[in-house]
Amino acid sequence: MRKAEVFVTLKPVVNDPQGLTIRSGLHALGFDKVTDVRSGKYLLVTLDEPDAAKARQQVEEMARQLLANEVIEDYRITMLQGGGL
Amino acid sequence: MRTGVVVFPGTWSDRDCGHALGDVLDQPVDYVDYREQNLKGLDLVVLPGGFSYGDYLRCGAIARFTPVMEAVTAFAAQGGLVLGICNGFQILQEARLLPGALLKNASCEFRCEWVHLRVEQSNSAFTVDCRPGQVLRIPISHGEGNFFADPSALERLEQESRVVFRYCTQDGQSAPDANPNGSLHNIAGISNVRGNVLGMMPHPERACEALLGGDDGLLILQSAIHAWSRVPA
Amino acid sequence: MTGDQLSTTTPELGVRRAQLDSVALADEEYREIVRALGREPNDLELGMFGALWSEHCSYKTSKALLRQLPTEGPNVLQGPGENAGAVDIGDGLAAVFKIESHNHPSAIEPYQGAATGVGGILRDVFAMGARPIAILDVLRFGPLDRDRNRHLFQGVVAGIGGYGNCFGCPTVGGEVYFDPAYTDNPIVNAMCVGLVSHEGLRRARADRAGDVVLLVGADTGRDGIQGATFASVEMDERSASRRPAVQVGNPFLEKLLCEACLVLNELEGVTATQDLGAAGLTSAASELAYRGRRGIDLEVDRVSRREHGMSAYEVMLSESQERMLVVVRPAAEAAARDVFEHFELHADRIGTITGSGRIRVREGGAVVGDMPLKALVDGVPSRSPAVEFADKHPSPPMPSIAEPEAILLDLLASPNLKSRRPIYRTYDHQVQDNTVIGPGFDAALLRVPGTNKGLALTTDGNPWYVALDPYDGTRAAVAEAARNIACTGARPLAVTNCLNFGNPDRPSIFAQLQESVRGLADACRAFELPVVSGNVSLYNETSERNILPTPVIGMVGLLDDLSKRCPAGFQEDGDLVFLLGETRDELAGSQYLQLLGARLKGRPPSVSLEMERRLQSALLDSIAAGVVRSAHDVSDGGLLIALAESALFGRRGLKCPNVTGAMSREAFFFGESLGRVIVSIAPRQVPDLQRLMVHHQIPIHAMGVVGGENFQVGSDVRVPLDTLRQAWETAF
């Protein structure tokens, strides 16, 4: 089994009220060096695909079609090492 | 006007839409399963509110890939009337039938309350009975209704007069305090270029009986009936 | 179980001490199990007994007391003992309802604790075959200036909304109060009301041997193992580390499960449906079969799992949410499976109903548990802890007030009286298109779909009155709930209740419970209101601090003609405002004294159920005759608060030129004497109102006239309505 991490984040131009709320929460706790927080989603995809290149290509496709919405979101994929059978 | 109300797994406004169109307005209503691929015989397709697929991942993201949405896309292309309410609006955007996206409310909270909407234009099939500038009182009920589109898309929407409803004060001012969710330009509802597809966050089907607090929503549903029958209001 | 009891464990039980501790069984209970089985239980059996003999599942400490409650009446279709109670509301329809606590899970993980509380009560209602139409939530927290309390409050409110909004059942009412006694031990009670035709009313009673048992809905995971036990012991610092006991809800799956069960309800050959709640499969399977006087054989291998390597013990005691047991005739199995398949839910055939009177659990072909159901479900010995009555304190000295206007504004802005809108606007209270009167008023009012009738719903339970006098305080809660229902024009029909108390092993706490149940029984008898369902939550104790005694009354009423409904806010300028009922010199337990920081002591407002009944009859007659344009109950905060609320609700000012009572100004303005209602009427109706009140022998006092920009009472109070609203609408 191969594992891929997909990080989905809001595009920089998109307002992120959740991130802003978390930032003020951190400030309230005294972490006053925090200048920005952006929230996002983390997905761990496990797939049965022995070929590393094909696996990566498929995850790209998943991210493009469903996991991220290109209107508001960016994504980043990390294929985990040692995830082979 | 025969209406098909689409039922996705997790939809809950289906019966409310059926009640408003069927019981209150006495129109024939069919419930359409999300696996359905045939919309023959329907004049209006409603994508109702709810939490399709739990709103997991992103509101509307999974519903958009159901078989019925392919049929809805073809139906809209042929000029059929499509009304997406709340989650239905989110699904229409995910399906790229309408531009933009709906983000988490600026308050980060769910909001269920009556709001005022200013009708921006009466060219859409769903506002032919309204006059521009008219103020409607209709409830919202959502956690993610914060309208976003990138600057060029937003400008296009405005230029093409496709912003159909804006959140406003009781006397029709689209002021920041009247914006319940942080939507850009106070946008509450938009249409496609042709005006046969409307997406809106507020729930007109909840505003069809004075007993329940107001009936301004009838104007929207009756507009669709009139647009369909080509009878000028 | 307390540490003291553990230390008395007898030597022969020593080897099982750790296990007995983990299932919270007392030594004598263990001996009783051995007697019933005729042998020592194995680990699985001990776990199953421990769960079903927990306080949460068995009611062993409260069940003797609960027998006092009136549970029958001409409208009752189903009393206590099922998933929920049911009453006839005419037109061949039944209202199905129940209230349940989720205090302990919410104290550990507030979002999921509250969310799964809502999920559990929804399942109770749709297990009865009814479509859920309303949720109400009763919440109590410690003061919000403490971070932990705020965290609990925010999490609970978000969890209720998160579940109910996604599921699509409107949250139409409830109440929230704050008191230091609830610090770290919040109260989270959820009530659900559903509708079903009489024929569609389903029972969780498997009474036909040979029937097939299907487990439907979510896969079974390790969540909530021993949640029932967890809810039956007091909490301490170690509780947070028992976190695996908290389940995670999936409202989307619940929605599908509900729709599937409602379709299933149309099928022939469905014998019973039972929700899986506390003690999971153990409780659901045992109760189903025991109620039907049958037995049940289960094969744990057939249970779909979310995790690998689960033992029979874990499968039998898992509290994974969104699961139901469905019992069908063998001939109906295929049709039932089709229904679940349509909703993309899997249905596992996990067992059969037998004639054995026993529950038998098989794993890998071998019997791993075999117990008589009577002992398991009904065999726990009743407990009757010692009782010690607290001394009644004399009334406190009355501080006198210089500025009633400042007090009024402070009270309106106080946590217990300020507007609840910041909370309820995060709940969908309109979905299903039946909400005629939503949250924020005396009682919610919902249209019964397809009719012109309304169901009025409310919850009540002023904990300070109960703390001062559990008997009178509980009678007061029933009286107030009925009054709230009557203010909408509806007639009270039936009661559900949730009894939240501290550790009953403390004699003073058990005395509170005993007196409270006696008060509940007496009040329900006096109002001729059957108690059709309920729940008891004990051991609400954190680090030796107990909550205020918190019996909560949920009430359902019926309005035959929705056009006769009565709002709470003033309706027309020029209308005249009257106070119905008698004001006495009573301040103990009031919000006013709390505001001034007085200690909680004295006698709570006196209760006359006879007077209360007359008042409510008078009010209902006046509303039905169209005499009254608005009605609002005078309760927390007293007369001035009730007048201010009527003005705020109706967005209209009020001018009361000269009002005084034959008592201190404090008691008149801020006392909370029971049995009072503020009404507004058109001036021409005055003779009609007077005639009706004379007929019912209800005192009536003219207050003032609706209208203007100000809220003005005598020469003491003159506040612009906007100022009043600003105070009332301060954020939490």
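Order of the sequence lines fixes the chain letters, A, B, ..., with proteins taken first and strands second; residue numbering starts at 1 for each chain.
- Shortest non-hydrogen contact noted between B:Leu212 and C:Asp433 is CD1-O, 3.2 Å.
- Using a 4.5 Å cut-off between heavy atoms, B:Tyr56 contacts chain C through its side chain alone, with no backbone atom that close.
- Between B:Phe89 and B:Phe147, the ring planes lie parallel to each other; the angle is under 30°, not in the 30° to 60° tilted range.
- Residues of residues 103-113 of chain B lying under 4.5 angstrom from chain C, judged on non-hydrogen atoms, are B:Glu109, B:Phe110, B:Arg111, B:Cys112, B:Glu113 by number.
- For the side-chain contact (heavy atoms from CB on, under 4.5 Å) test with C:Val188, the passing option among C:Val118, C:Asp137, C:Leu139 is C:Leu139; the others fail.
- Between chain B and the residues C:Val436, C:Leu256, C:Asn165, the most heavy-atom pairs under 4.5 angstrom are made by C:Asn165.
- Minimum interatomic distance between C:Gln571 and C:Arg629 (heavy atoms only, all atoms of both residues): CG-O, 3.4 Å.
- Within the 4.5 angstrom heavy-atom criterion, only backbone atoms of C:Tyr427 (N, CA, C, O) approach chain B.
- The residues C:Arg131 and C:Glu259 are annotated as salt-bridged, a charged nitrogen and a carboxylate oxygen being separated by less than 4.0 angstrom.
- There is no contact between C:Glu254 and chain B, counting heavy-atom distances below 4.5 Å.
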Identify every side-chain donor-acceptor pair in residues 60-71 of chain B under 3.5 Å, counting partners at least two apart or on other chains, and give the distances.
{"from": "B:Arg64", "atom 1": "NH1", "to": "B:Glu94", "atom 2": "O", "distance (Å)": "3.0"}
{"from": "B:Thr66", "atom 1": "OG1", "to": "B:Ala63", "atom 2": "O", "distance (Å)": "2.6"}

Using the rule given for side chain to side chain contact (heavy atoms under 4.5 Å, CB included), can you reason through B:Thr3 versus B:Val46, listing the C-alpha separation, both sets of side-chain angles and the distance that settles it, and then say yes or no? CA-CA 7 Å; B:Thr3 301; B:Val46 176; 3.7 Å; yes
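- One finds the CD atom of C:Gln321 at 11.0 Å from the CG atom of C:Leu257 (value rounded to the nearest 0.5 Å).
- The aromatic ring centroids of C:Phe441 and C:Phe649 lie less than 6.0 Å from each other.
- Scanning all heavy atoms of the two residues, the minimum distance from C:Ala260 to C:Val339 falls at O-CG1, 3.4 Å.
- Among pairs with a residue in residues 8-24 of chain B, none fulfils salt bridge (charged side-chain N to carboxylate O under 4.0 Å, His left out), at least two apart in sequence or across chains.
- Listed by sequence position, B:Asp33, B:Tyr34, B:Arg35 are the residues of residues 25-38 of chain B in contact with chain C, using a 4.5 angstrom heavy-atom cutoff.
- Note: C:Arg447 leads C:Gln432, C:Arg447, C:Glu344 in heavy-atom pairs under 4.5 Å with chain B.
- Here the closest non-hydrogen pair linking B:Thr11 and C:Lys255 is O-CE, 3.2 Å.
- In this structure, the portions of C:Asn250 lying under 4.5 Å from any heavy atom of chain B include both its backbone and its side chain.
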